[in-house]
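Numbering of ligands and ligand atoms starts at 1, following listing order.
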Amino acid sequence: MFGPPGAGKGTQSHLIAEALGLPRLATGEMFRDHLQKNTELGELARMFLQRGELVPDEVTIAMVQENLARESYTAGALFDGFPRTLSQVEALDRLAEALLASIQVASIVVPDDLLVDRLSGRTTCRAEGHTFHQKFNPPQQAGVCDFDGSELYQRADDRAETVRNRIRVYHHQTAPVLTHYQRQGHLVEVDGTVPIERVTEALLEGLKGVRNDA
Ligand code: AMP
């Protein structure tokens with residue numbers, strides 16, 4: 001699942017993973033989890049997350065490989081936020097080949113001028129990374145996640161300055177990944193400016209092939 005920060009990637013990846021019965025593998029959440037637990041990997045990633053930059057490929061790829069080796073994903077997995085560079089694409093291709101798995105890519109498209117607004121009012125749940133927005137998608141009870149009751153907080157990298165850098169990074173480093181998958185005919189693009197339910201419908205429609213394969 002692809003999309004610039006604020007496109008609704010996290011919201012949709014939860015909904016789509018549930019609809020398709022797939023486990024979610026969200027690299028940003030994994031890094032935030034390591035940060036919170038003060039692990040060695042968290043320390044390594046801290047500066048990059050704070051600046052809105054990408055964590056180096058070898059660190060990110062090792063973390064994903066380690067997760068894939070530890071958990072069993074026999075029905076597949078939904079990756080949220082990975083791969084974000086062409087080196088990560090190569091690593092995922094190798095993993096998919098070894099697992100005899102195919103890759104389908106969905107991208108949520110939202111113009112840049114809407115993204116900063118969406119992120120500045122966003123809150124994220126501590127337990128599982130569910131996201132809400134004070135105006136566009138408020139929780140039933142302020143400060144509490146509708147899904148698991150955990151606390152909602154504002155991510156440090158959702159501040160306006162860092163958000164702008166994350167959007168820049170997305171266009172420079174992640175756009176080539178989309179071009180790569182488009183050339184392979186594996187890319188589904190959906191309009192992320194319509195209501196949440198309609199984005200989900202469009203994604204499910206676009207990813208039909210995935211459901212049939214599962
Ligand atoms: P996200 O939760 O997907 O918005 O990611 C938050 C932050 O985690 C990013 O701004 C990066 O610093 C880091 N990150 C997440 N996924 C990756 C990735 N695939 N490669 C490098 N850095 C990543």
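- Residue contact annotation: Lys9 has a non-hydrogen atom under 4.0 Å from ligand 1.
- The Gln88 neighbourhood of ligand 1 comprises atoms 18 (C), 19 (N), 20 (N), 21 (C), with distances under 4.0 Å to a heavy atom of that residue.
- Heavy-atom distances between Arg155 and ligand 1 reach below 4.0 Å in at least one pair.
- For Gln182, the side chain to side chain contact (heavy atoms under 4.5 Å, CB included) partners are Leu187, Glu189, not counting sequence neighbours.
- Set against the non-hydrogen atoms of Arg32, the atoms of ligand 1 under 4.0 Å away are 2 (O), 6 (C).
- The protein heavy atom nearest to atom 11 (C) of ligand 1 is Glu53 O, 3.4 Å.
- Atom 7 (C) of ligand 1 has its closest protein heavy atom at Leu49 CG, 3.9 Å.
- Taking a cut-off of under 4.0 Å to the non-hydrogen atoms of Thr60, the atoms of ligand 1 that pass are 18 (C), 19 (N), 20 (N), 21 (C).
- Within the model, atoms OG of Ser120 and CZ of Arg159 stand 13.0 Å from one another, a figure rounded to the nearest 0.5 Å.
- Considering Tyr170, Phe31, Phe2, Phe82 only, the shortest heavy-atom separation from atom 13 (C) of ligand 1 involves Phe31.
- Remark: Glu71 CD is packed, more than 12 non-hydrogen atoms of other residues, nucleotides or ligands lying under 6.0 Å away.
- Atom 15 (C) of ligand 1 has its closest protein heavy atom at Arg84 NH1, 3.3 Å.
- Taking CZ from Arg126 and SG from Cys145, the interatomic distance works out to 12.5 Å, rounded to the nearest 0.5 Å.
- The minimum heavy-atom distance between Leu178 and Tyr170, with the atom names listed, is CD1-OH, 3.6 Å.
- Taking the charged nitrogens against the carboxylate oxygens, Arg24 and Glu29 do have a contact shorter than 4.0 Å, which makes a salt bridge.
- Polar contact check, Glu29 against ligand 1: no nitrogen or oxygen pair lies under 3.5 Å apart.
- By the side chain to side chain contact (heavy atoms under 4.5 Å, CB included) test, Arg46 pairs with Leu35, Asn38, Glu43, Gln50, sequence neighbours left out.
- For atom 22 (N) of ligand 1, the nearest non-hydrogen atom of the protein is Val55 N, 3.0 Å.
- Some N or O of Gly81 is nearer than 3.5 Å to an N or O of ligand 1, by distance alone.
- Checking His171 against Asp112 by side-chain atom types alone, a donor-acceptor pair falls below 3.5 Å.
- Each of the following atoms of ligand 1 lies closer than 4.0 Å to a heavy atom of Arg166: 4 (O).
- Residues Thr124 and Thr131 have side chains that never bring a donor and an acceptor to within less than 3.5 angstrom of each other.
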